[in-house]
Amino acid sequence: MVRVRFAPSPTGFFHIGSARTALFNWLYAKHTSGCFILRIEDTDEARNTQESLEVLIKGLRWLGLDWDEGPEVGGPYGPYFQSQREALYEEFIERLKQTGRLYEQEGALYFKVSGKPQLIDDLVRGPVERLEEKDFVVVRSNGKPVFHFVNVVDDITMNITHVIRGEDHLSNTSKHLELFKAFGATLPRFAHIPLILKSTGPGKMSKRDEGALIEEYTQRGFLPEALRNYLCLLGWSPGQDREKLPIETLIQLFDLPDINPNNAHFDHKKLAHLNGEYVRELPLDAFVKACKPALEPQGLVCSDAAYLREVLGLAQEKVRAIEEVPHLVRPLLSDDFIINPESRELVFKKGDPKARIQDFLAYLPQIQTFDATHLEAALQSLAQSKNLEPSHFLQPLRLALTGMHMGLSFYRLMALLGQQKVQKRLEKF
RNA sequence: GUCCCCAUCGUCUAGCCUGGUCCAGGACACAGGAUUUUCAUUCCUGUAACACGGGUUCGAAUCCCGUUGGGGACGCCA
């Protein structure tokens with residue numbers, strides 16, 4: 001039975017790299033029908049708050065990474081907070097004392113290293129040998145055990161079979177191996193996954209980089225399926241030129257040895273593209289639901305659900321992100337929109353927009369049915385009668401009706417707006 | 001500085017383990033074109049890579065060594 005864990009420490013934010021580590025652990029657990037454990041490493045009392053924990057839990061839930069054991073769900077190997085496992089750590093310190101590998105210096109307990117090179121049989125990188133040269137602290141002078149120690153004790157007592165974590169821990173692993181062996185514990189398999197590097201510039205992605213935090217994607221209305229799918233592609237490939245796949249397929253295909261050992265730069269554009277694909281193929285009702293949190297803070301509400309549905313249906317074909325929707329549909333949900341100065345300049349640069357709008361207003365009574373098909377035909381014949389192209393009318397009308405020089409499918413937009421509003425806005429322009 | 005990891009188009013990657021089918025495939029981005037009488041979407045086309053140097057071999061992107069470059073770790077943080 002495969003048992004993997006994601007062991008974040010609550011810091012107040014959820015880093016994209018941590019999310020990817022969680023995802024790979026989760027994928028592997030699902031792939032092997034194993035157990036995915038969430039363990040909270042909250043020994044750094046200063047940073048640990050309830051809010052910090054919430055950020056983590058919300059982020060994981062949002063990404064759909066449910067855990068089999070851990071906070072809120074419990075499990076037979078609990079507690080799942082390191083802050084609640086102190087008795088256990090004391091017990092293991094005693095065991096270590098008995099091996100004679102512990103000594104005190106300046107109030108801290110040091111662990112005496114073996115002096116032998118430690119062989120990490122890494123599932124991603126193959127065999128890696130590293131010698132831990134210096135004895136290291138396991139219990140601080142204030143009595144608190146350090147990360148390396150508690151991490152290993154928890155992995156032993158939780159029966160973790162595979163440790164899947166970032167490559168930044170690879171050099172720590174020799175310490176961990178020494179500890180595992182000192183306890184006579186069965187070694188877990190290790191899989192050190194590549195790091196996510198900044199899109200531009202040197203180094204790994206830090207919390208200050210754009211797109212580094214899961215919270216940002218939640219707020220901006222990214223679809224979790226899209227982000228999750230993108231993250232799968234960073235350091236791993238489903239092969240056969242496939243990229244966008246349902247999560248069930250991803251789970252089936254995923255395996256540790258197939259993880260690419262080299263670091264990957266984060267590519268915002270590729271994520272945006274993938275998100276666009278997911279957005280556009282969302283069932284309309286789901287799209288409407290996804291849009292509402294973006295619409296409402298901007299005062300864009302609509303009591304007519306059927307109308308809203310049609311409006312958003314128009315928008316869905318156009319956008320690659322939910323965050324683009326409010327601006328696009330504003331003129332259809334509210335009379336309170338501004339004429340974009342740049343669009344105005346662009347439209348006024350060619351032809352005589354005001355005259356075209358007057359032409360159209362004069363023609364308006366002749367349009368019997370105010371729907372997309374008839375409007376298109378109407379514009380055609382109007383243009384013909386004036387010896388002009390329909391495009392001469394299109395942009396001025398769009399500008400007057402929406403304030404933009406581009407946007408939603410025009411005739412359908414006009415039909416949705418209705419004759420009255422169209423007339424009013426054109427007269428006012 | 002010491003130790004560890006990594007190295008295919010600008011970016012993510014397939015191929016590497018089990019050398020020949022690869023003058024290296026896909027995707028994003030970029031450029032051009034078609035469609036949409038506008039923009040977006042969609043479709044087509046194009047530009048573009050095996051870091052370098054040595055081996056091994058009849059043959060190397062694939063195996064070995066070195067160089068260079070990138071990344072990470074070196075805390076009484078996690």
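Since the model is a prediction, treat every value here as computed from it, not as a measurement. A, B, ... follow the sequence lines: proteins, then strands. Residue 1 opens every chain.
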**Item:** Protein-nucleotide distance (A:Asn263, atom CG; B:U8, atom C1'), rounded to Å
**Value:** 16 Å
**Message:** Does A:Lys204 reach a base, just sugar-phosphate, or nothing at all? Heavy atoms under 4.0 Å.
**Reply:** sugar-phosphate
**Request:** Describe the nucleic acid contact of A:Ala108 in one word from base, sugar-phosphate, nothing, applying a heavy-atom distance below 4.0 Å.
**Result:** base
**Request:** Both distances under 3.5 Å, Watson-Crick or G-U wobble: report the partner of B:U68, or none.
**Result:** B:A7
**Message:** Is a donor from one side chain sitting under 3.5 angstrom from an acceptor on the other, for A:His176 and A:His148?
**Reply:** yes
**Message:** Is it true that, when you exclude A:Lys244 itself, more than 12 heavy atoms of the residues, nucleotides or ligands shown sit nearer than 6.0 Å to its NZ?
**Reply:** yes
**Prompt:** Are A:Ile40 and A:Tyr80 close enough, and set up right, to give a side-chain contact (heavy atoms from CB on, under 4.5 Å), and what steps lead you there?
**Reply:** CA-CA 6 Å; A:Ile40 306 297; A:Tyr80 294 92; 5.9 Å; no
**Request:** For nucleotides 31-40 of chain B, just jot down a letter per nucleotide in 5' to 3' order: B, S or -, based on protein non-hydrogen atoms under 4.0 Å.
**Result:** ------BBBB
**Prompt:** Rounding to the closest angstrom, what is the interatomic distance between B:U18 and B:C12 at atom P?
**Reply:** 27 Å
**Message:** Give me the distance, rounded to whole Å, that separates B:C4 from B:U11 when you measure between the P atoms they each carry.
**Reply:** 27 Å
**Prompt:** Using the C1' atom in both, what is the distance from B:G59 to B:A51, to the nearest Å?
**Reply:** 23 Å
**Message:** I want to know whether A:Phe254 and A:Trp236 have ring centres closer than 6.0 Å.
**Reply:** yes
**Side chain to side chain, A:Phe81 and A:Glu41, heavy atoms closer than 4.5 Å** = no
**Separation between the C1' atoms of B:C3 and B:A61, rounded to whole Å** = 29 Å
**Item:** Rounded distance in Å - CZ (A:Phe266) to P (B:A29)
**Value:** 14 Å
**Message:** Side-chain N or O of A:Asn260 versus OP1/OP2 of B:A7: is the shortest distance under 4.0 Å?
**Reply:** no
**Message:** When both hydrogen-bonding distances must be under 3.5 Å and the geometry is Watson-Crick or G-U wobble, what is B:C30 paired with, if anything?
**Reply:** B:G46
**Request:** Remember a base hit wins even if backbone is also touched, and classify A:Asp241 as base, sugar-phosphate or nothing at under 4.0 Å, heavy atoms.
**Result:** base
**Request:** Compute the centroid of each ring, for A:Phe149 and then for A:Phe92, and state whether the two points are separated by less than 6.0 Å.
**Result:** no
**Message:** Quick check on contacts: within residues 272-291 of chain A, what sits under 4.0 Å from RNA chain B by heavy-atom distance?
**Reply:** A:His273, A:Arg280
**Pairing of A:Glu324 and A:Lys318 as salt bridge, 4.0 angstrom limit** = no
**Asked** Could you state the CD-P distance from A:Glu178 to B:A73, rounded to the nearest angstrom?
**Response** 21 Å
**Request:** Go ahead and name the base partner of B:U36; Watson-Crick or wobble counts if both distances stay under 3.5 Å, otherwise write none.
**Result:** none
**Request:** Go through the side-chain N and O atoms of A:Tyr363 and A:Ser381 and say whether any donor and acceptor fall under 3.5 Å apart.
**Result:** yes
**Prompt:** How far does the P atom of B:U13 sit from the matching atom of B:G54, given to the nearest Å?
**Reply:** 30 Å
**Item:** Any A:Ser141 side-chain nitrogen or oxygen under 4.0 Å from OP1 or OP2 of B:C76
**Value:** no
**Item:** Donor-acceptor side-chain pairing of A:Tyr103 and A:Asp135 below 3.5 angstrom
**Value:** yes
**Message:** Pairing donors with acceptors under 3.5 angstrom, does anything connect the side chains of A:His405 and A:Arg398?
**Reply:** no
**Message:** Suppose we call two aromatic rings close when their centres sit under 6.0 Å apart. Are A:His268 and A:Phe266 close by that rule?
**Reply:** yes
**Complete:** Note: for A:Pro202 and A:Gln240 on RNA chain B, the residue whose nearest nucleotide lies more 5' is A:Gln240
**Item:** Salt bridge A:Asp285-A:Arg309, side-chain N to carboxylate O under 4.0 Å
**Value:** yes
**Message:** Once you apply a heavy-atom cut-off of 4.0 Å, does A:His192 come out as touching a base, just sugar-phosphate, or nothing?
**Reply:** nothing
**Request:** Please check if the distance between the ring centroids of A:His392 and A:Phe360 is under 6.0 Å.
**Result:** no
**Request:** Just name whichever nucleotide pairs with B:C74, Watson-Crick or G-U, keeping both distances under 3.5 Å, else none.
**Result:** B:G1
**Item:** Proximal nucleotide (of B:C6, B:A27, B:C76) relative to the A:Asn262 side chain
**Value:** B:C6
**Request:** Please check the phosphate of B:U11 (OP1 and OP2 only) for any side-chain N or O of A:His265 closer than 4.0 Å.
**Result:** no
**Message:** Quick check on B:G75: is either OP1 or OP2 less than 4.0 Å from any side-chain nitrogen or oxygen of A:Arg140?
**Reply:** no
**Request:** Specify the separation, in whole Å, of atom CG of A:Leu271 and atom C1' of B:U13.
**Result:** 16 Å
**Asked** Does a side chain donor of either A:Lys175 or A:Gln118 reach within less than 3.5 Å of an acceptor in the other side chain?
**Response** no
**Request:** Hey, can you tell me if A:Phe190 and A:Phe180 have their rings parallel, tilted or perpendicular (30° and 60° cut-offs)?
**Result:** perpendicular
**Item:** For atom NZ of A:Lys144 and atom C1' of B:G75, their distance in whole Å
**Value:** 18 Å
**Request:** May I have the distance from A:Phe190 (atom CZ) to B:C5 (atom P), rounded to whole angstrom?
**Result:** 15 Å
**Asked** Does any nucleotide pair with B:U18 by Watson-Crick or G-U wobble geometry, both distances under 3.5 Å, and what is it?
**Response** none
**Test item: side-chain donor near acceptor, A:Thr21 and A:Ser18, under 3.5 Å** = no
**Distance, P atom - from B:G33 to B:C39, rounded to whole angstrom** = 12 Å
**Prompt:** Using a cut-off of 4.0 Å on non-hydrogen atoms, how would the nucleic acid contact of A:Gly203 be classed: base, sugar-phosphate, or nothing?
**Reply:** sugar-phosphate
**Asked** Looking at RNA chain B, which of residues 161-173 of chain A put a heavy atom within less than 4.0 Å of it?
**Response** A:Glu167, A:Asp168, A:His169, A:Leu170, A:Ser171, A:Asn172
**Prompt:** Looking at the side chain of A:Lys270, which of B:A78, B:G26, B:C76 is the nearest nucleotide?
**Reply:** B:G26
**Asked** Which comes earlier along RNA chain B counting from the 5' end, the contact point of A:Leu233 or that of A:Leu131, where each point is its nearest nucleotide?
**Response** A:Leu131
**Prompt:** Is the phosphate of B:U2, meaning OP1 or OP2, less than 4.0 Å from a side-chain N or O of A:Arg130?
**Reply:** no
**Nucleotide nearest A:Asp267 (side chain, heavy atoms from C-beta), chosen from B:G10, B:C5, B:G75** = B:G10
**Asked** What integer distance in Å separates A:Glu243:CD from B:U11:C1'?
**Response** 12 Å
**Prompt:** Who does B:U57 pair with, Watson-Crick or G-U, both distances under 3.5 Å?
**Reply:** none
**Message:** I'd like the C1' distance from B:C74 over to B:A31, given in whole Å.
**Reply:** 47 Å
**Asked** Base, sugar-phosphate, or nothing: which does A:Gln105 touch, judged by heavy atoms less than 4.0 Å apart?
**Response** base
**Request:** Using the P atom on both, measure B:C44 against B:G26 and round to a whole Å.
**Result:** 12 Å
**Message:** Nearest whole Å is fine: how far is B:C77 P from A:Phe136 CZ?
**Reply:** 15 Å
